[in-house]
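Remarks on the structure that follows.
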Amino acid sequence: MSERIIGCKSEITHLMKKHQLTARKQYGQNFLVEPSVINKIVDQLSEEDTVIEIGPGLGSLTLPMARKCRRVIAIEIDEQLCGILREELKDPDNLEIRNEDILQTDLDAILNEIEGRVTVVSNLPYYITSEILLKLLTESGKISRIIAMMQKEVAERFFKKQADKDYGPLQVIAPYYCEISLLSRVNKRNFLPQPRVDSAVLLFTRRPYHHPVEDEQRLLDIIRACYSQRRKIVLTNLTNSGYHINKQQLNDINIKETARCEQLSLDDYIRLYEVLSDD
Ligand code: SAM
């Protein structure tokens with residue numbers, strides 16, 4: 001008998017009818033219905049991987065990942081979806097479905113009891129894409145890789161040579177933690193319901209940065225402070241956030257006293273961190 005495929009139009013339509021499910025906009029529910037996209041993602045995984053999936057939805061990715069990987073821990077905020085998943089996937093031994101909000105989840109507690117390589121996979125709910133990625137990158141060093149689908153425009157921001165108005169602390173800090181590469185572009189027709197924009201899948205591979213800092217949280221706080229009021233110069237934003245720095249100190253590290261947040265690179269922020277730590 002051939003293996004069941006959930007991630008296709010006919011099966012997702014059938015499941016939604018059977019369980020009288022309406023996709024919830026407030027949870028960013030757009031289900032993946034294109035097997036070739038699913039295969040591209042699952043091809044990145046092996047039986048060595050323990051996968052944490054964020055937002056399994058109706059299981060388009062969950063089922064093929066559970067077939068291939070050593071273990072899948074799926075975290076889904078929607079209680080109804082968790083019920084459907086348990087009924088439809090029949091809880092394979094290596095699959096754990098948790099009805100939780102990923103932003104409230106104690107990831108360290110989960111990670112501490114996992115042995116071997118951990119990969120996070122997610123077709124991210126678009127309304128909290130940045131919060132989730134920041135949490136995964138900055139709070140959870142044990143995650144080796146993140147395979148994340150997001151709106152195309154958000155994905156493109158990671159590759160901009162020059163920061164612009166759409167750039168934020170996430171785009172600045174991400175290269176500190178990992179290499180980022182494009183796995184696939186995904187047309188909006190490959191989701192049900194169809195969103196307004198296309199998507200892309202990115203692969204984040206963790207590696208040490210060539211210029212490590214001792215207190216990564218402080219580095220992130222400094223970047224956030226500089227971005228706190230985008231119209232204001234970095235000097236003002238830092239002072240308003242309680243950091244003590246003057247024009248001369250900025251000039252000494254080759255940052256103009258009139259610089260704005262988007263004009264600074266990650267290495268500029270690391271130099272700022274060092275000056276501010278010498279206080
Ligand atoms: N993975 C499925 C797929 O590819 O078809 C569904 C992806 S859908 C874009 C996003 C999923 O994330 C939904 O199932 C939604 O309910 C879930 N979700 C939204 N907010 C969440 C949160 N804070 N914590 C966990 N899951 C969340």
Side-chain angles (χ1 to χ4, degrees), residues 4-16 19 21-45 51-69 72-89 95-107 110 119-136 139-140 146-155 183-202:
R4 179 181 183 195
I5 296 176
I6 291 183
C8 62
K9 233 176 208 160
S10 57
E11 187 64 9
I12 293 284
T13 309
H14 160 74
L15 285 177
M16 290 178 79
H19 295 280
L21 180 82
T22 318
R24 294 193 184 177
K25 249 193 172 162
Q26 80 265 32
Y27 287 151
Q29 291 175 357
N30 300 97
F31 304 116
L32 194 49
V33 293
E34 177 47 55
S36 65
V37 176
I38 294 165
N39 290 342
K40 249 187 210 166
I41 293 173
V42 177
D43 280 352
Q44 298 294 319
L45 304 166
V51 173
I52 298 179
E53 186 185 11
I54 301 169
L58 285 165
S60 297
L61 288 160
T62 323
L63 185 58
M65 294 196 299
R67 282 185 189 128
K68 186 166 188 183
C69 304
V72 176
I73 300 162
I75 300 172
E76 171 59 61
I77 197 169
D78 186 331
E79 199 179 350
Q80 187 188 7
L81 284 180
C82 289
I84 298 173
L85 280 173
R86 289 195 184 103
E87 184 185 328
E88 294 290 337
L89 304 191
L95 169 65
E96 185 188 335
I97 295 161
R98 299 167 73 123
N99 182 204
E100 282 173 38
D101 174 349
I102 184 64
L103 295 178
Q104 305 299 326
T105 297
D106 181 355
L107 270 178
I110 297 179
T119 301
V120 171
V121 177
S122 184
N123 173 10
L124 289 166
Y126 69 94
Y127 71 108
I128 42 172
T129 296
S130 299
E131 278 123 300
I132 295 178
L133 286 174
L134 261 179
K135 175 172 170 133
L136 297 174
E139 291 175 27
S140 312
I146 303 166
I147 302 173
M149 169 117 63
M150 64 199 78
Q151 294 188 347
K152 188 173 133 259
E153 287 71 15
V154 180
L183 266 192
S184 179
R185 293 173 205 282
V186 185
N187 192 285
K188 60 188 172 197
R189 285 196 301 272
N190 294 326
F191 300 93
L192 206 73
Q194 186 176 310
R196 276 182 297 113
V197 292
D198 293 335
S199 291
V201 184
L202 299 188

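Predicted, not measured: the structure shown is a model, and the values here were computed from it. Read the numbers this way: they start at 1 and go in the same order the structure lists the ligands and their atoms.
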Could you tell me the residue and atom name of the protein heavy atom closest to atom 9 (C) of ligand 1, and the distance to it rounded to 0.1 Å?
-> Gly28 O, 3.1 Å

Looking only at distance, does Phe31 have an N or O less than 3.5 Å from an N or O of ligand 1?
-> no

Is Arg189 atom CZ crowded by more than 12 heavy atoms from other residues, nucleotides or ligands, each under 6.0 Å away?
-> no

Under 4.0 Å from ligand 1, counting heavy atoms only, is it the side chain of Pro56, its backbone, both or neither?
-> backbone

Side-chain (Asn30) to main-chain (Pro193) donor-acceptor, under 3.5 angstrom | yes

Side chain of Glu100, backbone of Ile75: donor and acceptor closer than 3.5 Å?
-> no

Proximity of Glu53 to ligand 1 by residue part, where a heavy atom lies under 4.0 Å = side chain

Give the numbers and elements of all ligand 1 atoms closer than 4.0 Å to a heavy atom of Asp101.
-> 22 (C), 23 (N), 24 (N)

Closest to atom 14 (O) of ligand 1 among protein heavy atoms sits Glu76 OE1, 2.7 Å

Sub-4.0 Å atoms of ligand 1 with respect to non-hydrogen atoms of Ser60 | 5 (O)

Closest approach of any protein heavy atom to atom 5 (O) of ligand 1, naming residue and atom = Leu32 N, 2.8 Å

Nearest-0.5 Å distance that lies between atom CE in Met65 and atom CG in Leu63 | 10.0 Å

Provide, to 0.1 Å, the distance between atom 19 (C) of ligand 1 and the closest protein heavy atom, together with that atom's residue and name.
-> Tyr27 O, 3.2 Å

Donor-acceptor pair, side chain of Arg98 and main chain of Ile73, under 3.5 angstrom | no

Would you mind listing which atoms of ligand 1 come within a distance below 4.0 Å of any non-hydrogen atom of Ile75?
-> 25 (C), 26 (N)

Answer side chain, backbone, both or neither: which part of Leu103 comes under 4.0 Å from ligand 1, heavy atoms only.
-> neither

Atom indices of ligand 1, in the order listed, that fall short of 4.0 Å to a heavy atom of Asn30 | 7 (C), 8 (S), 9 (C)

So is Arg24 in contact with ligand 1, going by heavy-atom distances below 4.0 Å?
-> no

Answer side chain, backbone, both or neither: which part of Leu81 comes under 4.0 Å from ligand 1, heavy atoms only.
-> side chain

Considering all heavy atoms of both residues, which atom of Val51 and which atom of Cys69 are nearest to each other, and what is their separation?
-> CG2-SG, 3.9 Å

Within a reach of under 6.0 Å around CZ of Arg185, are more than 12 heavy atoms found that belong to other residues, nucleotides or ligands?
-> no

Within a strict 4.5 Å, meaning less than it, do heavy atoms of the Leu95 and Leu85 side chains meet?
-> no

Do His19 and Leu58 have side-chain heavy atoms sitting under 4.5 Å apart?
-> no

If you count the atoms of ligand 1 from 1 in the order shown, which ones are under 4.0 Å from a heavy atom of Gln29?
-> 13 (C), 15 (C), 16 (O)

In terms of residue, atom name and distance, what is the protein heavy atom nearest to atom 4 (O) of ligand 1?
-> Asn123 ND2, 2.9 Å

Hey, is ligand 1 close enough to Pro125 that some N/O pair sits below 3.5 Å?
-> no

Any N or O of Asp78 that comes nearer than 3.5 Å to an N or O of ligand 1?
-> no

Within a distance under 4.0 Å of any heavy atom of Glu100, pick out the atoms of ligand 1 and give their elements.
-> 24 (N), 25 (C)

Mind checking whether Gly55 has an N or O less than 3.5 Å away from an N or O of ligand 1?
-> yes

For Ser60 and Ile6, the nearest pair of non-hydrogen atoms, with its separation, is N-CG2, 4.0 Å

Taking atom 21 (C) of ligand 1 as the reference point, the nearest protein heavy atom with its distance = Ile77 CG2, 3.5 Å

Where does Tyr127 meet ligand 1, judged by heavy-atom distances below 4.0 Å: at the side chain, the backbone, both, or neither?
-> side chain

Check: Asp198 side chain, Lys188 main-chain N or O, donor-acceptor pair, under 3.5 Å = yes

Please tell me if the side chains of Leu32 and Phe191 come closer than 4.5 Å, counting only heavy atoms from C-beta onward.
-> yes

What do the steps show when you test Ile147 against Val201 for side-chain contact (heavy atoms from CB on, under 4.5 Å), and what is the final call?
-> CA-CA 7 Å; Ile147 302 173; Val201 184; 3.7 Å; yes

Tell me which protein heavy atom sits closest to atom 24 (N) of ligand 1, plus the residue, atom name and distance to 0.1 Å.
-> Ile102 N, 2.9 Å

Under 6.0 Å from the CG atom of Leu103, do we count more than 12 heavy atoms belonging to anything else shown?
-> yes

